[in-house]
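The sequence lines fix the lettering, A, B, ..., with proteins before strands; numbering per chain opens at 1.
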Amino acid sequence: MTKGEALSDGNPQGAATAPQGSGDTAVEPGGLTPEALAEALGVPAADWDNPLRDPRDRRLPRIAGPSGLVIFGVTGDLSRKKLMPAVYDLANRGLLPPGFSLLGFARREWEDQDFAQVVHDSVREHARTEFREEVWQQLADGMRFIPGDFDDDAAFKQLRSSVDELDASRGTSGNYAFYLSVPPKFFPKVVQQLKKHGLADAPEGSWRRAVIEKPFGHDLASARELNRIVHDVFDPDQVFRIDHYLGKETVQNILALRFANQMYEPVWNRSYVDHVQITMAEDIGIGGRAGYYDGIGSARDVIQNHLLQLMALTAMEEPAAFDAESLLAEKLKVLKAVKLPENLGEHTVRGQYAASWQGGEKVRGYLQEDGIDPRSTTDTYAAVKLQVDNRRWAGVPFYLRTGKRLGRRVTEIAVVFQRAPHSPFDSTATAELGANAIVIRVQPDEGMTVRFGSKVPGTSMEIRDVTMDFAYGESFTESSPEAYERLILDVLLGDANLFPRHQEVEESWKILDPIEGYWDAHGTPAQYPSGGWGPKEADEMLARDGRSWRRP
Amino acid sequence: MKIDLTDTTASKINKALVRGRRAIGTPAVGMVLTMVIVTDEENAYDAIKAAEEASREHPSRTLVVIRRVARTPRDRTNSRLDAEVRVGSDAGTGETVVLRTYGDVSDHADSVVLPLLLPDAPVVVWWPVDAPDTPVKDPLGALAQRRITDMYAVETPLQALDARAASYAPGDTDLAWTRLTPWRSMLAAALDQARTKVISATVESEAQNPSAELLARWLEARLQVKAERVVTAGPVVTAVRLGTDNGEIVIDRPEGPLATLTLPGQPSRTLALKVRSTSELIAEELRRLDADEMYAIALRGEATEETPRHV
């Protein structure tokens, strides 16, 4: 039995006995198929089965059950550029339940209509799908705005009464997700207030979920503290940490690529892989985020969450099932097996961008940015070498790098293979042949590239690198959903597959903390010219291992 | 770019496709399926446009088979194949070949199509009009995993519906069914919310609407109730009422894209139910290429073999 559908079709009994989609039936490895997911969501409670839903009915989309979304910090950038457009796009695709309600909470003297206007404008400007009046009408009816501070009891009382009112008038059934789109220092306050006003207690048969964004702390201790605060109010299973990279099609495709296919897994190990490079490069500087960025730096901002997650997905063993628990178990195993290099000075590099020309534009260096201390030692570039100490990966280095003001915006995972152990061709024939590689392009131009050698047409034997390309996502399918759409929908559905759990966050800090500690005690960041591919120290770091960075 | 071929053969067309790809500099293509559109000259333009739009989601090779009507006996004996090969920006994200058949070759269009199918990729046949009575037995239909017909494009839709039911084979599907997906998902979502047993059902629509009939049959099969059909002025399906012990669940769309949902004991609210364009329908069709069992169930209108999930 290779397909999940064959299983659920042939065995309706089995499908029926798992009304909550608890993940212990139906989801074999093949459970990557949507129907296994559909099953988990279609059924809102144990004692009620909707006769209009059927696992065989694959056209019916994953619609969230009756629910509402409360956004704290609704006036922020993220909310306006990503969250509200994503909510609209979901509604436009018919994936939100009738009666879905959106509540905004912020310190503004707004009425509901003013809020609706702000959402309207941001949707008009940023939504992926076309603006349709009727979809807007459907959404606008359920919009509420609560003005107030986070320590304002009256505002939370008002929020409470709005929630009760919406339950009655829109049938949201007490299901609410609280999206904390606010700086982390406000988390304790907000969750305490939610607790105090009974907003975090789900009435019987409904749910209350918390959604939080990075940073999840700035080291292990602070991450634990943050988790303690949030878990004090919300059940750990009901806390959804957004890592928007995990919502991207390509990242989800890593698992499909590795575990739904036969041809990659046999070579996906130390016998064939030479090393792995995971890169996330940005071409922008810190912009107006000086206050947030200085003192945090790129390693904490990117490596701790995004890159270590990508690494975990690339390196992990096959999960027993495609559900949150099994994925967590495998990812944790990888993160726990990570070993830092003994000599951190030789195998980690940090840098700061310096003034230079980037892409035809003269740009300032990091230390010259507004609001940055000219003596700041915050890294805007970080590269680290990690080992995964297990049977599959022993001896295969994982090089992780990230930086701002690099050549172009790109995120990719490159699995670089060893050279063929023996070549029957003479050395001139293979002089131009590099190492084989599989490159998963996460963004932009989502897709995958396979690089291998091929004979150049002609009478002489000459072998050169060629690439085979698979492109999809933003370049191919215009209707490929935004990461936030997928993630918000998953929150409403309660599907935690694509969200890092607190154990992963804590393990990631355990990896990064010693590196940050070393950097604090030793030296200063290397300066690198904006618009290039990072400091020369990073090139030297790989050269020491006899390797070099790919130019992404 | 566009290459015109007159009085040609499949192998010449294949050569032209390779030449076209070389010329635009993208010899490798990531197309996922072959879409065969069988149509007449009149409907070709719209069908190609819809397929090209859908190809943005599903990069495909589109083969359009247009059967030319001969007006004189001499033309009828004269068998000929003309082709128009479009690659690059003229063909959405894939490639399009428009095949025009004259005379005898019209009855053997499958011999032209077969060599032009993408290797090892699924084949979908779509008849925007004039679908054969038994799609699976049609020479072109037999090449395909998925056969798309459209009951909106026939004179007597309800008779066509019965014919489709009689000739159903796994892989058949109809755009009249595709059009219902938003209605069905909203009804399912409404029932998620009402969480109660349905004791009666009514589908209101314009007369002779095949989608409404399918919807009624689907409700009958799933809810185990008799669905009443009420004729209204339209357009298409205007309302569905599900009776429960606590009152009625109503989705009412008198006109335009804005519908009203009423649940027992709750104020009514608006929801968007747009009539979708053909390209959106085709894109939905191409998302799954295996047999649509729920369509078969709705088509036959029979109670499903009871799954224990709602006993």
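- A pairwise comparison of heavy atoms in B/S185 and A/L60 identifies N-CD2, 3.6 Å as the closest pair.
- At a threshold of 4.0 Å, the pair B/D290-A/R58 counts as salt-bridged, since one of the basic side-chain nitrogens sits closer than that to a carboxylate oxygen.
- Looking at A/L139, neither its backbone nor its side chain comes within 4.5 Å of chain B, counting heavy atoms on both sides.
- You'll find the side chain of B/I297 reaches within 4.5 Å of the side chain of A/R56, heavy atoms only.
- The line from CE of B/M294 to CZ of A/R53 is 11.5 Å long, rounded to the nearest 0.5 Å.
- In this structure, chain B has no heavy atom under 4.5 Å from any part of A/A140.
- Taking 4.5 Å as the limit, every side-chain heavy atom of A/E134 sits out of range of all side-chain heavy atoms of B/T270.
- Heavy atoms of B/T260 lying under 4.5 Å from chain A are absent altogether.
- Of the charged side-chain nitrogens involved, at least one lies within less than 4.0 Å of a carboxylate oxygen, so that B/E284 and A/R59 count as a salt-bridged pair.
- With sequence neighbours left out, A/E133 forms a salt bridge (Lys or Arg N to Asp or Glu O under 4.0 Å) with no residue at all.
- When heavy atoms are compared at a cutoff of 4.5 Å, B/P257 approaches chain A by way of both its backbone and its side chain.
- Other residues, nucleotides and ligands contribute at most 12 non-hydrogen atoms within 6.0 Å of the NZ atom of B/K49.
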#### Entry: Test side chain to side chain contact (heavy atoms under 4.5 Å, CB included) applied to B/V198 and A/L52, step by step
CA-CA 10 Å; B/V198 176; A/L52 294 183; over 6 Å; no
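- Using a 4.5 Å cut-off between heavy atoms, B/L271 contacts chain A through both its backbone and its side chain.
- Qualifying salt bridge (Lys or Arg N to Asp or Glu O under 4.0 Å) partners for B/D150, counting only residues two or more places apart in sequence or in other chains: B/R179.
- Heavy atoms of B/T178 lying under 4.5 Å from chain A belong to its backbone as well as its side chain.
- At least one side-chain heavy atom of A/P51 sits less than 4.5 Å from a side-chain heavy atom of B/L191.
- Taking chain A as the reference chain and counting heavy-atom pairs below 4.5 Å, the highest number among B/L261, B/L187, B/D292, B/L263 is found for B/D292.
- There is no contact between B/A54 and chain A, counting heavy-atom distances below 4.5 Å.
- Between A/R170 and B/R269, some side-chain heavy-atom pair lies under the 4.5 Å cut-off.
- Interface remark: B/K274 contributes backbone and side-chain atoms alike to the contact with chain A (heavy atom separation under 4.5 Å).
- The residues B/R222 and A/D57 are annotated as not salt-bridged, no charged nitrogen and carboxylate oxygen being separated by less than 4.0 angstrom.
- The shortest non-hydrogen separation linking B/A188 to A/N50 is O-ND2, 2.8 Å.
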